[in-house]
Colleague: 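Below you'll find the structure I mean.
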Amino acid sequence: QAKKDGKNTYHYYDKNLDKASEDKFKLLQLLRPAINQKQFKLYYQPMISLADEKITTVEALLRWPQPDGGFITPDQFIPLAESTGLISELGRWVIQQACLFCARHRSLGHSRLRVAVNLSVMQFKDGQLQHIVEKALHEAQIPADALELELTESLLIDETEQIQKQLNSLSDLGVTIAIDDFGTGYSNLGYLRNFNASKLKIDRSFIIGLGTAVDDEPLVEAIINMAKSLGLETVAEGIENKATLHKLLSMGCSVGQGYYWSKPVPEEELGALLNKSNSSI
Ligand code: C2E
Ligand code: MG
Ligand code: MG
Ligand code: MG
């Protein structure tokens with residue numbers, strides 16, 4: 001059916017598409033004020049050194065709390081924030097809050113704690129990222145090597161010279177660059193030689209079957225070996241059981257993250273996890 005919109009143009013709608021874009025539109029109406037009113041919350045999920053099962057780094061993950069007590073998940077609102085440009089402001093807030101979080105726990109005795117933040121490609125567009133990062137580190141009074149920035153493979157593949165420059169200067173500053181969701185992007189690995197990443201996070205989809213489905217074993221082992229020869233540390237995402245942990249250890253993977261240790265939790269709970277697991281940090 002066609003709808004006249006008053007400007008003498010006609011739009012043709014698929015009913016399902018209509019519903020989906022209506023939902024998106026509603027969410028978008030809520031997103032702007034939510035950012036202004038700082039309604040978002042960071043949850044934190046530990047990354048664990050597999051050899052001694054101690055926390056090395058904590059990843060900050062956005063949550064959008066709702067009046068009913070539930071959350072809108074990042075998979076729902078991040079794409080929306082990206083497509084509207086709102087991610088720049090939200091992303092800056094995440095960097096600031098994550099650095100302050102790290103500083104709090106460092107001063108509580110976890111003096112080598114590091115924090116990881118996810119970045120969207122949009123955050124490289126306005127050339128402000130370096131400044132935002134330096135300011136956040138300065139305000140939190142933590143060194144640059146306390147911060148890790150996680151970038152998805154697709155961001156790195158689309159990488160322009162402009163992104164490359166910014167990544168290099170962040171890396172010169174001492175910030176760690178990690179490749180997130182490795183293995184889900186494209187097959188062209190050429191981007192790996194172009195910039196200073198020091199960590200590679202193997203996507204959960206490859207980890208989930210380890211210890212049960214044998215098929216993914218050679219692939220995961222090959223990724224770990226490739227990372228090693230490139231001088232990258234490997235992190236396995238989505239470890240949910242002991243069998244997977246042991247399999248990864250035997251393959252030479254050094255760090256893991258997953259429900260086996262902890263889901264992403266609010267800061268209060270993370271503090272308890274740190275105290276329990278980490279005399280060394
Ligand atoms: P990601 O960076 O790959 O984060 C890991 C996701 O896997 C998280 O989902 C985490 O809860 C989930 N996960 C971790 N361990 C396990 C496990 O053992 N089993 C299962 N089933 N899941 C596990 P979450 O928090 O829903 O975040 C989804 C994605 O949203 C993130 O994927 C990241 O790409 C994006 N995201 C989250 N926060 C931010 C942010 O502040 N900025 C940007 N740009 N993206 C963000
Ligand atoms: Mg991540
Ligand atoms: Mg990931
Ligand atoms: Mg992911």
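For this chain, numbers begin at 1 and follow the sequence in order. For ligands, and for the atoms within them, numbers begin at 1 and follow the listed sequence.
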Colleague: Assess Arg63 for proximity to ligand 1: is some non-hydrogen atom of it under 4.0 Å away?
Modeller: yes
Colleague: Within the 4.0 Å heavy-atom shell around Glu240, which atoms of ligand 1 are there?
Modeller: 17 (C), 18 (O), 19 (N), 20 (C), 21 (N)
Colleague: Going by side-chain contact (heavy atoms from CB on, under 4.5 Å), name the residues that satisfy it together with Ala103, two or more places apart in sequence or in a different chain.
Modeller: Ala140, Ile142
Colleague: When you compare ligand 1 with Glu59, is there at least one nitrogen or oxygen pair between them that comes in under 3.5 angstrom?
Modeller: yes
Colleague: Is the Mg ion (ligand 3) less than 2.8 Å from an N/O/S atom of Glu237, whether that atom is in the backbone or a side chain?
Modeller: yes
Colleague: Tyr260 to ligand 1: N or O pair under 3.5 Å?
Modeller: no
Colleague: Using a 4.5 Å cut-off on heavy atoms from C-beta on, say whether the side chain of Phe101 contacts that of Leu42.
Modeller: no
Colleague: Using a 3.5 Å cut-off on N or O atoms only, is Gln123 in polar contact with ligand 1?
Modeller: no
Colleague: How does Leu90 reach ligand 1, if at all, at less than 4.0 Å between non-hydrogen atoms: by side chain, backbone, both, or neither?
Modeller: neither
Colleague: Measuring only between side-chain heavy atoms, which start at C-beta, is Met226 closer than 4.5 Å to Phe182?
Modeller: yes
Colleague: Give me the one residue out of Leu245, Val235, Ile224 that meets side chain to side chain contact (heavy atoms under 4.5 Å, CB included) with Cys253.
Modeller: Ile224
Colleague: Output the list of atoms in ligand 1 that are nearer than 4.0 Å to some heavy atom of Gly258, sorted by atom number.
Modeller: 15 (N), 18 (O)
Colleague: Could you identify the N, O or S atom of Glu150 positioned closest to the Mg ion (ligand 2)?
Modeller: OE1
Colleague: Please determine whether any non-hydrogen atom of Ser120 lies less than 4.0 Å from an atom of ligand 1.
Modeller: yes
Colleague: With atoms numbered from 1 as shown, which atoms in ligand 1 lie under 4.0 angstrom from a non-hydrogen atom of Val94?
Modeller: 41 (O)
Colleague: According to salt bridge (Lys or Arg N to Asp or Glu O under 4.0 Å), does anything in residues 81-107 pair up with another residue at least two apart or in another chain? List the pairs.
Modeller: Arg104-Glu267
Colleague: Judged by modelled atom types alone, do Ser171 and Asn168 share a side-chain donor-acceptor pair under 3.5 Å?
Modeller: no
Colleague: Taking Glu59 as the fixed residue, which of Lys263, Lys201, Arg114 is the one that meets the salt bridge (charged side-chain N to carboxylate O under 4.0 Å, His left out) rule?
Modeller: Lys201
Colleague: Just by distance, with hydrogens left out, do Thr73 and Asp75 show a side-chain donor and acceptor under 3.5 Å apart?
Modeller: no
Colleague: Under 4.0 Å from a heavy atom of Leu119: give me the atoms of ligand 1 that qualify, with their elements.
Modeller: 44 (N)
Colleague: Measure from the Mg ion (ligand 3) to every N/O/S atom of Asp181 and report the name of the nearest one.
Modeller: OD1
Colleague: Which is it for Arg204 and ligand 1 at heavy atoms under 4.0 Å: side chain, backbone, both or neither?
Modeller: side chain
Colleague: Are any of the N/O atoms on Leu62, whether in the backbone or the side chain, positioned under 3.5 angstrom from an N/O atom of ligand 1?
Modeller: yes
Colleague: Could you identify the N, O or S atom of Glu59 positioned closest to the Mg ion (ligand 2)?
Modeller: OE2
Colleague: The Mg ion (ligand 3) and Asp203: any N/O/S contact shorter than 2.8 Å?
Modeller: no
Colleague: Give yes if a backbone or side-chain nitrogen or oxygen of Asp181 is under 3.5 Å from a nitrogen or oxygen of ligand 1, and no if not.
Modeller: yes
Colleague: Taking the side chain as everything from C-beta on, heavy atoms only, tell me whether Ile48 gets closer than 4.5 Å to Tyr260.
Modeller: no
Colleague: Determine whether Trp261 and Ile239 make a side-chain contact, defined as any pair of heavy atoms from C-beta on separated by less than 4.5 Å.
Modeller: yes
Colleague: How about Ser107 and Gln141: do any of their side-chain heavy atoms sit closer than 4.5 Å?
Modeller: no
Colleague: Roughly how far, to the nearest 0.5 Å, is the CG atom of Leu200 from the CD1 atom of Ile177?
Modeller: 13.5 Å
Colleague: Hey, is Ile78 touching ligand 1 through its side chain, its backbone, both or neither, going by heavy atoms under 4.0 Å?
Modeller: side chain
Colleague: Can you find a non-hydrogen atom of Thr73 under 4.0 Å from ligand 1?
Modeller: no
Colleague: Could you confirm whether Asp180 has any N/O/S atom lying under 2.8 Å from the Mg ion (ligand 2)?
Modeller: yes
Colleague: Considering only heavy atoms of Asp75, which atoms of ligand 1 have at least one such atom less than 4.0 Å away?
Modeller: 28 (C), 29 (C), 30 (O)
Colleague: For Glu82, which part has a heavy atom under 4.0 Å from ligand 1: side chain, backbone, both, or neither?
Modeller: neither
Colleague: Would you confirm whether the ring centroid of Phe71 sits within less than 6.0 angstrom of the ring centroid of Trp64?
Modeller: no
Colleague: For the residue pair Gln257 and Gln45, confirm or rule out a side-chain donor-acceptor distance under 3.5 Å.
Modeller: yes
